[in-house]
Amino acid sequence: MKAVYFAWVRERIGRTEEEISPPDSVTTVGDLIGWLTGRGEEYAYAFEKPAVIRAAIDKAHVKHDAPIAGAREIAFFPPMTGG
Amino acid sequence: MKAVYFAWVRERIGRTEEEISPPDSVTTVGDLIGWLTGRGEEYAYAFEKPAVIRAAIDKAHVKHDAPIAGAREIAFFPPMTGG
Amino acid sequence: MSARISIQAEDFDTGAEVVALTSGRKDVGACVTFTGLCRDEGETLAALELEHYPGMAEEEIARVVAQAQTRWPLLGVRVIHRYGKIAPGGNIVLVVTTSSHRRAAFESAEFLMDYLKTRAPFWKKEHRVDGLARDWVSAKDDDDRALERWEK
Amino acid sequence: MSARISIQAEDFDTGAEVVALTSGRKDVGACVTFTGLCRDEGETLAALELEHYPGMAEEEIARVVAQAQTRWPLLGVRVIHRYGKIAPGGNIVLVVTTSSHRRAAFESAEFLMDYLKTRAPFWKKEHRVDGLARDWVSAKDDDDRALERWEK
């Protein structure tokens with residue numbers, strides 16, 4: 001699946017998107033945040049306060065307990081500040 | 001003092017304005033409506049439901065219990081329907 | 001705070017009034033406009049005729065604008081109310097408010113419209129397509145109730 | 001009901017959008033616009049940079065517009081949200097709603113703005129006049145609270 005990052009999540013990780021292949025034990029968005037956090041310092045920095053991170057699966061908002069099965073694109077970003 | 005009329009009050013009375021000289025016993029807007037009502041059929045028709053008639057003294061809204069002493073211009077009209 | 005009020009027979013241009021209140025400034029964060037237009041009421045209405053009380057119309061709207069200014073931190077207010085004969089599709093009234101923040105701009109525009117409807121000395125007469133009845137529009141209880149929310 | 005949504009770098013013209021939603025029709029009684037502009041925050045801000053999530057921005061705004069349509073009898077909705085670098089005084093966002101009646105036009109425009117602020121995937125970064133800190137704007141609790149009134 002593809003992971004995409006925006007705003008300071010993107011800046012901290014240092015990339016806009018990447019292909020990821022989490023293990024089967026990673027079933028929810030929250031699990032995925034935990035798994036990404038273990039991939040290196042830049043991820044640990046981006047996800048240091050997981051509660052503030054928002055996520056979207058295939059371009060629709062989801063909560064951290066949403067299952068990731070079947071997702072093609074998962075996005076992580078800070079709270080929105082448009083408008 | 002000058003009395004001015006608008007909308008269907010004006011149409012029923014058949015004039016836009018007139019000079020009036022009510023007796024000293026007429027002290028409030030409500031008194032004046034009563035006095036005008038006695039001036040003829042067209043006035044009785046215009047003021048047949050006094051409760052719906054709105055009034056203004058010198059271009060500011062007033063209630064029926066407002067005193068008319070010192071007024072230069074008293075207006076009578078239906079509830080407003082602008083906007 | 002700039003506040004301009006016009007009572008006029010001529011049409012107005014909502015976009016031009018937005019430009020007038022926002023261009024060249026860097027402190028306006030929010031601009032709300034309300035444009036009220038003449039509806040044909042399911043093709044039954046040929047035109048509206050608006051009568052007003054000259055002098056009092058300006059003064060009363062100025063009082064309502066002054067009230068809005070005490071309630072919200074406004075940067076600008078523009079009110080235009082037309083009188084005379086207006087065909088369906090035509091503009092009747094415009095309110096524009098500007099502020100740093102959106103809530104003040106929204107609330108003050110709605111407040112101004114609610115008060116204009118019930119306090120500004122204008123009266124609408126309907127000219128109907130069938131040419132028969134020409135009737136004065138009745139005031140709506142809804143409009144009086146709309147004021148209650150501002151009087152808490 | 002016509003609904004158009006644009007996510008664009010280019011500026012927009014509030015007046016032209018009002019004309020597009022009202023001209024040639026006789027059923028529109030009320031048109032409300034909200035224009036959100038970039039403030040210089042007491043001359044400290046040089047520019048805002050708006051990042052967005054292409055594709056999701058359009059889809060999410062379409063979902064919010066669809067919700068508004070189920071709540072109010074709307075005749076037209078227009079939403080434009082810009083991205084990229086915007087200088088103080090520049091336009092950021094536009095919402096236009098039309099309806100037969102004023103309450104629906106006002107409430108739906110305010111609803112759309114409240115939801116856009118918290119659900120549309122846009123993020124603002126501040127470029128400051130002093131050239132030092134370039135900071136992402138923090139989300140406001142106020143904006144979350146603004147949603148509560150619509151969730152009764």
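Looking at C:T22 and D:T35, their side chains never come closer than 4.5 Å, going by heavy atoms from C-beta outward.
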Listed pairs under 3.5 Å, donor-acceptor, residues 137-144 of chain C side chains, sequence neighbours left out:
residue: C:D142; atom: OD1; partner: C:R145; partner atom: NH2; Å: 2.7
residue: C:D143; atom: OD1; partner: D:R102; partner atom: NH1; Å: 3.1
residue: C:D143; atom: OD1; partner: D:R102; partner atom: NH2; Å: 3.4

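Proximity to chain D involves both the backbone and the side chain of C:A146, based on heavy atoms less than 4.5 angstrom apart. D:T33 touches chain C through backbone and side chain together, each having a heavy atom under 4.5 Å away. Both the backbone and the side chain of D:A109 come within contact range of chain C, judged by heavy atoms closer than 4.5 Å.
A salt bridge links D:E110 to C:R103: one of the charged nitrogens lies within less than 4.0 Å of a carboxylate oxygen.
For the ring pair (Phe, Tyr, Trp, His ring centres under 6.0 Å) condition, the pairs that include at least one residue of residues 76-96 of chain C, sequence neighbours left out, are C:H52-C:Y83, C:H81-C:F122.
Contact count against chain C (heavy-atom pairs under 4.5 Å) is highest for D:K117 among D:E43, D:K117, D:E17. The candidate with the highest count of non-hydrogen atom pairs below 4.5 Å against chain C, out of D:D114, D:V96, D:D27, is D:D114. Of the residues considered (C:R25, C:E107, C:E41, C:K26), C:K26 shows the highest number of contacts with chain D, using heavy-atom pairs under 4.5 Å. Here C:S100 is the residue among C:A16, C:S100, C:S23, C:A87 with the most heavy-atom pairs under 4.5 Å with chain D. The candidate with the highest count of non-hydrogen atom pairs below 4.5 Å against chain D, out of C:C31, C:G90, C:G15, is C:C31.
More than 12 heavy atoms of other shown residues, nucleotides or ligands fall within 6.0 angstrom of atom CZ in C:R63.
Annotation for D:A30 and C:F34: closest pair CB-CE1, 3.6 Å, computed over non-hydrogen atoms.
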